[in-house]
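The structure appears below as structure tokens.
Fair warning: this is a prediction, and the values are worked out from it, not measured in the lab. Note that the numbering runs from 1 along the sequence shown for the chain.
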Amino acid sequence: MWQGVIPAVSTKFNEDGSLDMGEMERCFGLQMEAGCDGLIACGSLGEGPMLTQDERIAVLRLAKQVSGSKPAILTVAEAGTREACALAEKAAKAGADGLMVVPSTIYHTNYRETIVTLRAIAAAGDLPIMIYSNRLAYRVDVTTDMLEELADDARFVAVKESSDDIRRSTEIINRLGQRYDLFTGVDNLAFEALAVGAVGWVAGLGLAFPKETVAIFHLMKEGRHAEALSIYRWFRPLLDLDVSTFLVQNIKLAEAMAFGSTERVRAPRLPLEGEQRTRAERIIRAAMETRPQLPRFG
């Protein structure tokens, strides 16, 4: 149902902290112009936990407007199941094409609790769902056993595999075949995941470098692995910026340097400074100065 490059877009703010809808429209448009296959709003990179539910619905509506016929997906990552179900219902009413669902990021659910929570959110929203499994960041591992148990509900259509163990991708395919659309959610494992069968990439650094991200995906799908690998090797220092506690600040800085966007973040986050900023700027600048010429594809 879903495949390709679907970036987890960042949320833009005005100086007073309100949503900068104009800048988001511009940035979302750059993703679509580059050939991305949809948009995911208000995830970790989109600072979803720092937004009210009404703000998240506003960002979703804008993403839907910009994505057109391609999917606009809202992230649901609430502390409580009640709140997650409420947001899922609002998303459905607002025209979301689907949800990316993270089990509670506050209380670390066990096997049974994770299954019950995911089923409740699916029933509330009645939309296609990408299950987001990220045991490192959120301490809840949606295992292959869990995916197999959830497979009887057709609303669970995809999994964003972010366990940081590339073996998990093959394990899911071996156990469940094509039951789920398998996405990689770890930027600096994207080549490896696509090589073993992932059909999509939830991209982070792609926000600043969408054309390169799309090129890698399509070259891999066309079996042109050497060409994709050449771009990926150039991209790797940038992609490493996604695997960080400061991924939001890192990627917003990359967007600012690449095409003049804003670095504003919502507290308690603050923009990068000092050695952290100097290092990130050095990596981004070096990549921009050595940007590869992209081959034709498709």
Can a donor-acceptor pair be found, under 3.5 Å and without considering hydrogens, that links the side chain of [X] to the backbone of [Y]?
X: S133; Y: V142; answer: yes
X: N14; Y: L19; answer: yes
X: N250; Y: L241; answer: yes
X: T278; Y: G274; answer: yes
X: N188; Y: L239; answer: no

Side-chain donor-acceptor pair present, [X], [Y], cut-off under 3.5 Å:
X: S104; Y: E78; value: no
X: E47; Y: T11; value: no
X: Q53; Y: E83; value: no
X: D16; Y: S18; value: yes

Checklist line | Selection residues 193-215 - residue pairs positive for side chain to side chain donor-acceptor pair (under 3.5 Å), sequence neighbours left out | finding: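 Those involving residues 193-215 are D187-W201, E212-R291.
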What pairs of donor and acceptor atoms, side-chain ones from residues 259-267 against any protein atom, are under 3.5 angstrom apart with sequence neighbours left out?
{"unit_1": "S261", "atom_1": "OG", "unit_2": "K12", "atom_2": "NZ", "d": "3.2"}
{"unit_1": "S261", "atom_1": "OG", "unit_2": "E23", "atom_2": "OE2", "d": "2.7"}
{"unit_1": "T262", "atom_1": "OG1", "unit_2": "R264", "atom_2": "N", "d": "3.1"}
{"unit_1": "E263", "atom_1": "OE1", "unit_2": "R277", "atom_2": "NH1", "d": "2.9"}
{"unit_1": "E263", "atom_1": "OE2", "unit_2": "R277", "atom_2": "NH2", "d": "2.8"}
{"unit_1": "R264", "atom_1": "NH1", "unit_2": "F13", "atom_2": "O", "d": "3.0"}
{"unit_1": "R266", "atom_1": "NH1", "unit_2": "M50", "atom_2": "O", "d": "3.1"}
{"unit_1": "R266", "atom_1": "NH1", "unit_2": "E55", "atom_2": "OE1", "d": "2.8"}
{"unit_1": "R266", "atom_1": "NH1", "unit_2": "E55", "atom_2": "OE2", "d": "3.3"}
{"unit_1": "R266", "atom_1": "NH2", "unit_2": "G17", "atom_2": "O", "d": "2.6"}
{"unit_1": "R266", "atom_1": "NH2", "unit_2": "E55", "atom_2": "OE2", "d": "3.1"}

Margin query: Please determine whether salt bridge (charged side-chain N to carboxylate O under 4.0 Å, His left out) holds for the pair R175 and D145, giving the CA-CA distance in whole Å, both sets of side-chain angles, and the decisive distance to 0.1 Å.
Written below: CA-CA 9 Å; R175 178 89 66 89; D145 286 343; 2.8 Å; yes
Next item on the list: Would you please classify the geometry between the H218 ring and the F297 ring as parallel, tilted or perpendicular, with 30° and 60° separating the classes?
Entry: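 Because their plane-to-plane angle is under 30°, the rings of F297 and H218 count as parallel.
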Checklist line | Within one Ile-Leu-Val-Met-Phe-Trp-Tyr cluster: L39 and M100, side-chain cutoff 4.5 Å | finding: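 No, because L39 and M100 fall into different hydrophobic clusters, even though each may have its own neighbours under 4.5 Å.
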Note to self: If I take atom CG from residue L189 and atom CD from residue E161, how far apart are they, to the nearest 0.5 angstrom?
What the structure shows: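 That separation rounds to 9.5 Å.
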Margin query: So P128 and D97, do their side chains get closer than 4.5 Å, heavy atoms only?
Written below: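 They are not in side-chain contact.
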Check: If you count the non-hydrogen atoms of other residues, nucleotides and ligands that lie under 6.0 Å from CZ in R269, is the total more than 12?
Finding: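 For R269, atom CZ is crowded (more than 12 foreign heavy atoms under 6.0 Å).
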Margin query: With a 6.0 Å cut-off (strictly less than), is the heavy-atom count around CD of E275, excluding the residue itself, greater than 12?
Written below: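 Atom CD in E275 is packed in, count exceeds 12.
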Checklist line | K160 charged N/C atom sitting above F183 aromatic ring, 6.0 Å / 45° | finding: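 Relative to the ring axis of F183, which defines the angle, K160 lies outside at least one limit.
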Item checked: Worked verdict on R179 versus D152 for salt bridge (charged side-chain N to carboxylate O under 4.0 Å, His left out) -> CA-CA 10 Å; R179 168 60 185 83; D152 61 354; over 6 Å; no
